[in-house]
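Read the structure below first, then the notes.
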Protein chains: 2
Amino acid sequence: MSFNEAFKAIADPNRRKILSLLKKGDLTAGEIAEHFDMQKPSVSHHLKILKQADLVEDRRVGQHIYYSLNTTVFQDLMSWFYDILQKEGDKS
Amino acid sequence: MSFNEAFKAIADPNRRKILSLLKKGDLTAGEIAEHFDMQKPSVSHHLKILKQADLVEDRRVGQHIYYSLNTTVFQDLMSWFYDILQKEGDKS
DNA sequence: TAGATATTTAGACAAATTTCTAAATATCGA
DNA sequence: TCGATATTTAGAAATTTGTCTAAATATCTA
């Protein structure tokens, strides 16, 4: 069910930026927010959407909540691209 | 400029379906519309968005307008995924 | 040129999205 | 337990998106 959700999640440039930041290592919500001009609740909202799409995971450590990439769904998205690019496929 | 536009374009399931249909061969706007429950102007709207994102090209042949995949931008999108998946990258 | 077919454009409208501020929740440290 | 810090939740407002109907444009054929 999160295939479509994931495509929608990565459609937003702020969320793609979050994913790029996490590529380099896990970050807390606050650290992520420092990279944006938005208010923290807005960043939190984007994190929620990424989480619902299974693109990131979160874990609490004391007062902080750490976010990290969950790469498994990326594989599925990549597969869709592969399928489009290789002619003579048969996925509907 | 069409990198973000392309990500937005593929966020819609109807548009992804159009791209999948075109994978098998070029189709006219009317043939594409036959695969959907939407009215033709709505399909035309989706085609316009795909065209603006450089994901498809169109050419008129008599009364018909044929649509075909333009795979060059797909490569760019794929690159973004690759970049996320391989750790230790340095794209911001 | 007139009528038929194929497609797009224009404009309206409802639903979804993005952002904000204010308030709530969770944890830490004294 | 209280106050400070970190983060999310709630709810409102503005913008964007997806769809529709009606009308316009382009091409073909008789």
Side-chain angles (χ1 to χ4, degrees), chain A residues 1-22 25-70 73 77, chain B residues 1-22 25-70 73 77:
Chain A
M1 173 36 207
S2 65
F3 184 74
N4 185 50
E5 258 176 316
F7 269 114
K8 286 209 177 180
I10 61 169
D12 183 89
N14 291 316
R15 291 194 290 262
R16 286 200 304 280
K17 183 174 170 183
I18 291 173
L19 295 172
S20 289
L21 289 170
L22 292 178
D26 300 356
L27 294 171
T28 68
E31 289 169 336
I32 293 169
E34 286 173 6
H35 290 82
F36 292 89
D37 289 334
M38 284 178 284
Q39 298 304 309
K40 285 184 182 177
S42 301
V43 175
S44 183
H45 169 71
H46 286 303
L47 289 169
K48 185 179 189 180
I49 286 171
L50 289 170
K51 197 167 68 174
Q52 286 173 338
D54 279 332
L55 290 168
V56 304
E57 293 172 335
D58 64 343
R59 66 179 189 287
R60 178 178 280 276
V61 177
Q63 289 166 292
H64 299 268
I65 296 180
Y66 276 89
Y67 281 87
S68 56
L69 278 186
N70 176 7
V73 174
L77 301 183
Chain B
M1 173 37 209
S2 64
F3 184 74
N4 186 49
E5 259 176 315
F7 269 114
K8 286 206 176 182
I10 62 169
D12 182 89
N14 290 316
R15 292 195 288 265
R16 287 200 304 279
K17 183 175 171 182
I18 290 174
L19 295 172
S20 289
L21 289 170
L22 292 177
D26 300 355
L27 295 171
T28 68
E31 288 169 337
I32 292 169
E34 285 172 8
H35 290 82
F36 292 89
D37 289 335
M38 284 178 280
Q39 298 303 309
K40 285 183 182 177
S42 301
V43 175
S44 183
H45 169 71
H46 287 304
L47 289 169
K48 186 178 187 179
I49 287 171
L50 290 171
K51 197 166 66 174
Q52 287 174 337
D54 279 332
L55 291 168
V56 305
E57 293 172 337
D58 64 343
R59 64 180 191 286
R60 178 176 280 278
V61 177
Q63 289 168 291
H64 300 267
I65 296 181
Y66 276 89
Y67 281 87
S68 55
L69 277 186
N70 176 7
V73 176
L77 301 182

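Lettering follows sequence order; numbering is per chain, from 1. The analysis underlying the following values was restricted to heavy atoms, covering all of them including side chains, and did not include hydrogens, waters or symmetry mates.
The CG-C1' distance, from B:D37 to D:dG18, rounds to 15 Å in whole Å. Put simply, CD on B:Q52 is 12 Å from P on C:dT8, counting in whole angstrom units. To the nearest angstrom, C1' of D:dT19 lies 10 Å from CG of B:N14. A:D58 places its CG atom 11 Å from the P atom of D:dT7, with the value rounded to the nearest Å. Nucleotide D:dA6 holds its P atom 17 Å from the CZ atom of A:R59, rounded to whole Å. Taking atom CD on A:Q39 and atom C1' on C:dT21, their separation rounds to 9 Å, with Å as the unit. Whole-Å rounding puts the B:E31 CD to C:dT5 C1' distance at 14 Å. In this structure, the CG atom of B:L47 is 6 Å from the P atom of C:dT8, given to the nearest Å.
Contact annotation: side chain of B:Q63 to base of C:dT5, donor-acceptor pair present below 3.5 Å.
Contact annotation: A:S42 side-chain N/O to C:dC20 OP1/OP2 distance is under 4.0 Å. Listed pair A:T28 / D:dT7 meets the phosphate criterion, a side-chain N or O lying under 4.0 Å from OP1 or OP2. Of the side-chain N and O atoms in A:Y67, one or more sit less than 4.0 angstrom from OP1 or OP2 of D:dT8. In terms of phosphate contacts, B:H64 brings no side-chain nitrogen or oxygen within less than 4.0 Å of OP1 or OP2 of D:dT27. The phosphate of C:dT19 (OP1 or OP2) has a side-chain N or O of A:H46 nearer than 4.0 angstrom.
Using a 4.0 Å heavy-atom criterion, one finds that B:K8 contacts the sugar-phosphate atoms exclusively.
For A:M38, the side-chain atoms get nearest to C:dT19 when compared with the rest of C:dT19, C:dT9, C:dT18. Comparing D:dT21, C:dA26, C:dA22 against the side chain of A:P41 picks out C:dA22 as the nearest. Distance from the side chain of B:H45 is smallest for D:dT19 among the nucleotides D:dT21, D:dT19, C:dT18. Considering only side-chain atoms of A:K48, the nucleotide from D:dT9, D:dT8, D:dT19 that sits closest is D:dT9. Minimum atom distance to the side chain of B:D12 is reached by D:dG18, of the listed C:dT8, D:dT7, D:dG18.
A donor-acceptor pair is defined here as one N or O able to donate and one able to accept, closer than 3.5 Å; such a pair exists between the side chain of B:T28 and the backbone of B:E31. The backbone N or O of A:F36 lies less than 3.5 Å from no partner atom in the side chain of A:K17, so there is not a single donor-acceptor pair. Judged by distance alone, with hydrogens and angles left aside, the side-chain atoms of A:R15 form no donor-acceptor pair with the main-chain N or O of A:I10 at under 3.5 Å.
Nearer to the 5' terminus of DNA chain C, by closest-nucleotide assignment, is the contact made by B:Y66 (compared with the other of B:Y66 and A:I49). Each of B:A29 and A:R15 was assigned the nucleotide of DNA chain C with the nearest heavy atom; the assignment lying further toward the 5' end belongs to B:A29.
For the side chain to side chain contact (heavy atoms under 4.5 Å, CB included) test with B:L50, the passing option among B:N70, B:L55, B:L69 is B:L55; the others fail.
Interatomic distance, CE of A:M38 versus CD1 of A:I32, reported as 10.5 Å (0.5 Å rounding).
The aromatic rings of B:Y66 and B:H64 lie tilted to each other, with the angle between the two planes from 30° to 60°.
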